[in-house]
Amino acid sequence: MVDEQDGLLPIANVGRIMKQILPQRAKISKEAKQTMQECATEFLSFVTAEASDKCHKENRKTVNGDDICWALSALGFDNYAQATIRYLHKYREAERDKAAANANNNNQNKAADIIIMSSGQEMNDVGDRPASIYMASQQGLQVGEQTQTPDLEFRMLEKGDGTKPSVDQEHN
């Protein structure tokens, strides 16, 4: 037997949304929450069905945000459609920013493979050639030969070396 509640939005979520709009001391009856639960579920089903029909006619299987906005407008909910379009635009913008930040973090994580050693330590223990290094900069990673600052030297680990990068600085 299928429970009637299975197809409805969670009543706790509906109640929480309702409380956000009402004054702090306002009470909401169980009946009011259930009525709103049924109405909100029906509204979402109505809009989603319209968007799904559009996708079916266009031989697509996935309903996206633009389809929902179109369905709201086609059903006469232009005010909701405009608000949803603005939200969708901001959401996509935030997702692009997040993806760009993640890509930037991934590039910076590549720079984490640097070993920082106290000056004066032997740098060329990977063979007869000088060890190449990577230095992080605003423009990305730059490759160079052994570089020594007054306090620090940088060296890239050879591939296959199982050791993890570490930081070891002299404190004067």
Side-chain angles (χ1 to χ4, degrees), residues 1-116 132-144 147 152 154 156-157 159 162 164-167:
M1 183 172 160
V2 176
D3 189 8
E4 178 182 319
Q5 296 289 319
D6 285 345
L8 300 175
L9 295 171
I11 198 154
N13 295 354
V14 172
R16 195 171 18 255
I17 293 168
M18 292 172 72
K19 282 184 178 185
Q20 289 175 355
I21 303 300
L22 297 172
Q24 194 172 16
R25 291 185 176 185
K27 303 278 186 205
I28 305 170
S29 71
K30 184 177 179 182
E31 181 185 30
K33 289 178 191 177
Q34 289 173 334
T35 301
M36 188 58 77
Q37 177 189 37
E38 291 173 15
C39 290
T41 302
E42 184 63 30
F43 177 75
L44 291 173
S45 297
F46 184 55
V47 173
T48 303
E50 188 71 17
S52 180
D53 288 347
K54 176 184 187 278
C55 291
H56 181 72
K57 289 175 187 172
E58 295 174 0
N59 294 320
R60 293 187 294 121
K61 293 182 180 180
T62 304
V63 176
N64 62 40
D66 294 319
D67 298 322
I68 298 296
C69 294
W70 175 87
L72 285 167
S73 185
L75 293 169
F77 298 106
D78 294 320
N79 290 342
Y80 291 117
Q82 293 305 313
T84 306
I85 288 168
R86 286 191 302 273
Y87 171 81
L88 186 58
H89 176 74
K90 287 179 182 179
Y91 172 80
R92 288 175 175 164
E93 200 172 85
E95 288 296 306
R96 277 192 298 274
D97 292 347
K98 189 164 65 169
N102 285 341
N104 189 27
N105 285 342
N106 287 341
N107 287 339
Q108 289 177 354
N109 287 342
K110 290 177 185 175
D113 290 339
I114 297 170
I115 294 180
I116 302 173
S132 295
I133 60 155
Y134 287 91
M135 296 184 306
S137 73
Q138 294 273 343
Q139 295 80 27
L141 294 176
Q142 299 175 343
V143 179
T147 300
L152 302 172
F154 300 90
M156 183 70 178
L157 287 174
K159 287 190 179 185
K164 294 190 179 211
S166 62
V167 176

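By convention here, the first residue in the shown sequence is residue 1.
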Exercise: identify the closest heavy-atom pair between Ser73 and Ala81:
N-CB, 3.7 Å

Atom CD of Glu95 with >12 non-hydrogen neighbours under 6.0 angstrom
yes

Gln82 side, atom CD; Thr84 side, atom OG1 - distance, nearest 0.5 Å
9.0 Å

Option passing side chain to side chain contact (heavy atoms under 4.5 Å, CB included) with Leu75 (candidates Tyr80, Phe43, Phe46):
Phe46

Over all heavy atoms of both residues, which pair between Ala51 and Val63 is shortest? Give the atoms and the distance, please.
CB-CG1, 3.8 Å

Once you round to the nearest 0.5 Å, how far does NZ of Lys61 lie from OG of Ser52?
12.5 Å

Working for side chain to side chain contact (heavy atoms under 4.5 Å, CB included), residues Ile28 and Met36
CA-CA 11 Å; Ile28 305 170; Met36 188 58 77; over 6 Å; no

Give a yes or no on whether the backbone of Leu9 and the side-chain of Thr41 come within a donor-acceptor separation of less than 3.5 Å.
yes

Is it the case that more than 12 heavy atoms not belonging to Asn79 sit under 6.0 Å from its CG atom?
no

Per side chain to side chain contact (heavy atoms under 4.5 Å, CB included), Ile68 is matched among Leu44, Val47, Ile85 by Val47

Rounded distance [0.5 Å steps], CG in Asp67 versus CG in Asp53:
11.0 Å

Taking every heavy atom of Gln37 against every heavy atom of Val14, the minimum-distance pair comes out as N-CG1, 3.9 Å

Does Glu50 reach the side chain of Lys54, with side-chain heavy atoms less than 4.5 Å apart?
no

Going from CG on Leu8 to CD on Glu38, what distance comes out if it is rounded to the nearest 0.5 angstrom?
6.0 Å

Enter the distance from Lys19:NZ to Lys27:NZ here, rounded to the nearest 0.5 Å.
7.5 Å

